[in-house]
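Report on one structure; see the data block that follows.
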Number of protein chains: 2
Amino acid sequence: MKGLGELERTIMDILWAQNAPLTAREVGRLIADRDLAPTTVMTVLDRLTRKGFLTRTRDGRAWRYAPGASRDAYVAELMLEALDMTGDRSAALTRFAQTVSGPEAEILRKALTELEEE
Amino acid sequence: MKGLGELERTIMDILWAQNAPLTAREVGRLIADRDLAPTTVMTVLDRLTRKGFLTRTRDGRAWRYAPGASRDAYVAELMLEALDMTGDRSAALTRFAQTVSGPEAEILRKALTELEEE
DNA sequence: CGGGTAGTACTACGTCGCGTAGAGGGCAGA
DNA sequence: TCTGCCCTCTACGCGACGTAGTACTACCCG
């Protein structure tokens, strides 16, 4: 996988927050703070599709874009990728566990416990 | 923090594997497979230092480079950074916990348990 | 039927990070 | 003093990304 740029991430955030596929125009309208040309949004949507982050389906003349995976899945994958960078995965995992804050350690613990019970 | 490029990562790997600071020449000699100009290695070492990944101390005319942090710390930080990308950290954490393989879940569980006992 | 509108595809340009390395300067030993 | 090692500075090419223009097509409205 590859990382995302600034605008790419912004657009993914918009699509992740949506539960229905959006057209380029609709996405553009949701980036209100920046005054981007419509073609800019289309180009980025196109690149994201090419990279596999989005899927698109026809809707008349327009395309509707939807995320290929949930944000959580994406984040989890990024984390695993970081983990792959090391020779000693267990050391890195241990280190990670020690680094997360208390409440988050609790969340992890709980998730792991539930895993075990299944 | 920022990610590292290909050669940058290679060099960090070399330095992480060492327990004593190395000079540019020594690092270059350890990248035997690629035939790099000495200045290339120096440039990259310099950039890594500028980025805060390395510290360097004088040794005669030469510099000796050493990692600023352990690889595990780096990986853990990358993972936390990925985690920061999401609005819902707990969901991403849960997802992550579900995604790691069985043995690694065990490692995480153990690390978290030890944390709790302190 | 003709024009504005919306939508697409293709192309392009500037910037930045990174791999790569040359030019030039200084110091130390033969 | 000559030679070589090491440093600093500068630079070039490429690919990624932000940004957008141009050109073509399909509709709807009057």
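Protein chains get the first letters and strands the later ones, always in sequence-line order, with residue 1 at the start of each. Only this structure's heavy atoms are used, side chains among them; waters, hydrogens and symmetry mates stay out.
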Whole angstroms only, please: what is the CG-P distance between B:Asp33 and C:dT20? 11 Å
Are there over 12 heavy-atom neighbours, none belonging to B:Lys110, within less than 6.0 Å of that residue's NZ? no
Salt bridge between A:Asp46 and A:Arg50, side-chain N to carboxylate O under 4.0 Å? yes
Please state whether the base of C:dG19 and the side chain of B:Thr40 form at least one donor-acceptor pair under 3.5 Å? no
If you look at every strand shown and take non-hydrogen atoms under 4.0 Å, does A:Arg9 touch a base, only sugar-phosphate, or nothing? nothing
Whole-Å distance between D:dC14 P and B:Leu7 CG? 18 Å
For the side chain of A:Thr43, counting heavy atoms from C-beta on, which of C:dT8, D:dT19, D:dT8 is nearest? D:dT19
On the nucleotide C:dG7, are OP1 or OP2 found under 4.0 Å from the side-chain N or O atoms that A:Arg64 carries? no
Sub-3.5 Å donor-acceptor pair from the side chain of A:Arg64 to the main-chain atoms of A:Arg56, do we have one? no
Could you tell me whether A:Asp33 atom CG has more than 12 heavy atoms of other residues or ligands within 6.0 Å of it? yes
Examine C:dG17: is either OP1 or OP2 under 4.0 Å from a nitrogen or oxygen in the side chain of B:Lys51? Give yes or no. no
Sidechain N-carboxylate O distance under 4.0 Å for A:Glu8, A:Arg47: no
What does the inter-axis angle of the helix from C:dC1-D:dG30 to C:dA30-D:dT1 come out as, five pairs per end, nearest 10 degrees? 20°
B:Glu6 CD to D:dA16 C1': how many Å, rounded? 16 Å
Rounded off to whole Å, could you give me the CG-to-P distance for the B:Asp59 and C:dC27 pair? 17 Å
Residues A:Arg71 and B:Asp88 bridged, charged N to O under 4.0 Å: no
Nearest to the side chain of B:Arg61, which nucleotide is it out of C:dG26, D:dA20, D:dT8? C:dG26
By nearest-heavy-atom nucleotide on DNA chain D, the more 5' of A:Leu4 and A:Asp35 is A:Leu4
DNA chain C nearest-nucleotide lookup for A:Arg47 and A:Arg58: closer to the 5′ end is A:Arg58
Residue B:Thr39, side-chain atoms from C-beta onward, closest of D:dT19, C:dG7, C:dG22: C:dG22
If only atom types and distance count, is the side chain of B:Asp59 paired as donor or acceptor with the main-chain N or O of B:Ala62 below 3.5 Å? no
Please report the distance, rounded to the nearest Å, between CG in B:Leu36 and P in D:dC6. 16 Å
Closest to the A:Ala62 side chain, choosing from D:dT19, C:dT8, D:dC7: C:dT8
When rounded to whole Å, the CG to C1' distance for the pair A:Leu45 and C:dT8 reads 12 Å
Taking atom C1' of D:dA26 as reference, at what distance in whole Å does atom CZ of A:Arg25 sit? 15 Å
Taking atom P of D:dC5 as reference, at what distance in whole Å does atom CD of B:Glu26 sit? 14 Å
Salt-bridged, B:Glu26 to B:Arg29, with N to O below 4.0 Å? no
Determine the contact category for A:Gly28: base if any of its heavy atoms lies under 4.0 Å from a base atom, sugar-phosphate if only primed atoms, P, OP1 or OP2 are that close, otherwise nothing. nothing
